[in-house]
**Q** 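Take a look at the following structure, please.
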Amino acid sequence: QWLSPPEAIERFKSQEIWLAPPQFYELCRLGNFSSLQELHKFSSERALEGCERWMPVILTASDGYVQLLPGDELYPEDPDHTGEKKIMSTDKKIEELMKEGSIFHRIVIKNTHDLAVYVNIQPKYKHKNPVVLNSNNSDFNSRL
């Protein structure tokens with residue numbers, strides 16, 4: 001079944017469907033465009049700018065997970081993309097991590113249907129940041 005990005009996110013929030021964090025992030029990015037034509041125009045113009053390969057780094061908190069993305073203040077300088085090193089973890093709660101931080105590019109995961117995207121960095125290559133749509137309205141006093 002075909003769904004618009006807002007419809008898919010709403011169905012995810014109501015637990016009718018499940019979205020993996022990367023797909024949730026991209027659907028939030030698609031929220032920048034009101035039509036397929038607008039998206040096509042943007043992608044045609046932006047395609048010449050280049051791209052960046054990302055790999056999230058998981059930070060385990062006491063009450064959930066945070067997928068850190070490049071540009072986030074907690075993203076490591078030399079990320080372990082193979083899983084050979086120790087997984088990053090903290091005894092802090094997610095709310096504490098969010099209140100202590102100021103430079104965000106992350107997906108906060110409380111459980112399989114409670115995700116939130118937090119981004120306040122300038123995207124590279126003329127990309128668009130996600131429209132910040134949080135499931136269950138967990139704003140963590142966001143400064144966005």
**Q** Tell me, do I94 and M98 make a side-chain contact under 4.5 Å, heavy atoms counted?
**A**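 When only atoms from C-beta onward are counted, M98 and I94 do touch, with a gap below 4.5 Å.
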**Q** Look at the side chain of H105 and the backbone N and O of P70, then say whether any donor-acceptor pair between them is shorter than 3.5 Å.
**A**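 Pair found, side chain donor or acceptor close to backbone of P70.
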**Q** Taking the side chain as every heavy atom from C-beta outward, state whether P56 and I107 have any pair of such atoms under 4.5 Å apart.
**A** no
**Q** Shortest non-hydrogen contact from P130 to V119?
**A** CD-CG2, 3.8 Å
**Q** Same cluster for I103 and V117 if Ile/Leu/Val/Met/Phe/Trp/Tyr side chains link at under 4.5 Å?
**A**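 Cluster IDs for I103 and V117 match.
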**Q** Does anything in residues 54-65 form a side chain to side chain donor-acceptor pair (under 3.5 Å)? List the pairs, not counting sequence neighbours.
**A** E52-W54, D63-K110
**Q** Ignoring hydrogens and geometry, is there a side-chain-to-backbone donor-acceptor pair from W18 to F12 under 3.5 Å?
**A**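 Checked: no pair found.
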**Q** Could you tell me whether the side chain of E7 and the main chain of S4 form a donor-acceptor pair under 3.5 Å?
**A** yes
**Q** Answer yes or no: is there an ion pair linking K99 with E95, defined by an N-O contact shorter than 4.0 Å?
**A** yes
**Q** So that I can tick it off, tell me whether E45 and K126 are bridged by a salt bridge, with the cut-off set at under 4.0 angstrom between side-chain N and carboxylate O.
**A**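 A salt bridge is absent here (no side-chain N lies under 4.0 Å from a carboxylate O).
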**Q** Does the side chain of M88 come within less than 4.5 Å of L68's, by heavy atoms?
**A**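 Heavy-atom side-chain distance check passes, below 4.5 Å.
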**Q** For the residue pair Y118 and F104, does the interplanar ring angle fall in the parallel (under 30°), tilted (30 to 60°) or perpendicular (over 60°) class?
**A** perpendicular
**Q** Between I109 and P21, which heavy-atom pair has the shortest distance, and what is it?
**A** CD1-CG, 3.8 Å
**Q** Mind checking the CG-NZ spacing from L19 to K13? Nearest 0.5 Å is all I need.
**A**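 Nearest 0.5 Å value for the CG-NZ distance: 11.5 Å.
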**Q** Are any of the side-chain heavy atoms of L30 and N32 separated by less than 4.5 Å?
**A** no
**Q** Which atom names give the shortest non-hydrogen contact between P123 and N129, and what distance separates them?
**A** CD-ND2, 3.6 Å
**Q** Any heavy-atom pair between the side chains of K92 and E100 that's under 4.5 Å?
**A**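 Yes, at least one pair of side-chain atoms sits under 4.5 Å.
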**Q** Working to the nearest 0.5 Å, report the span between NZ of K128 and OG of S43.
**A** 12.0 Å
**Q** With distance as the sole test, does D72 use its side chain to make a donor-acceptor pair with the main-chain N or O of L69 at under 3.5 Å?
**A**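 Not confirmed, D72 side chain does not pair with L69 backbone.
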**Q** Salt bridge (Lys or Arg N to Asp or Glu O under 4.0 Å), that's the test. Do R29 and E26 meet it? Break it down for me.
**A** CA-CA 5 Å; R29 256 198 334 191; E26 290 302 328; 3.1 Å; yes
**Q** Taking only Lys NZ, Arg NE, NH1 and NH2, and the carboxylate oxygens of Asp or Glu, determine whether R46 and E49 approach each other closer than 4.0 Å.
**A**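 Looking at R46 and E49, the cut-off is not met.
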**Q** Can you tell me how far the CD atom of Q122 sits from the NE2 atom of H127, to the nearest 0.5 Å?
**A** 12.5 Å
**Q** Please confirm whether the backbone N or O of S102 pairs with a side-chain atom of E73, one donor and one acceptor, at under 3.5 Å?
**A** yes
**Q** Taking side chain as C-beta onward, heavy atoms only, is L59 less than 4.5 Å from L74?
**A** yes
**Q** Going through the checks in order, is the side-chain contact (heavy atoms from CB on, under 4.5 Å) test met by T90 and L97?
**A** CA-CA 9 Å; T90 181; L97 291 170; 4.0 Å; yes
**Q** Kindly compute the distance separating NE2 (H113) from OG (S14), expressed to the nearest 0.5 Å.
**A** 8.0 Å
**Q** Are L36 and F33 connected into the same hydrophobic cluster when the rule is that any two of I, L, V, M, F, W, Y join if their side-chain heavy atoms are below 4.5 Å apart?
**A**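 F33 and L36: one cluster.
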**Q** Indicate the atoms forming the closest heavy-atom contact of A8 with L27, along with that distance.
**A** CB-CD1, 3.8 Å
**Q** Kindly compute the distance separating OH (Y75) from CD (Q67), expressed to the nearest 0.5 Å.
**A** 11.0 Å
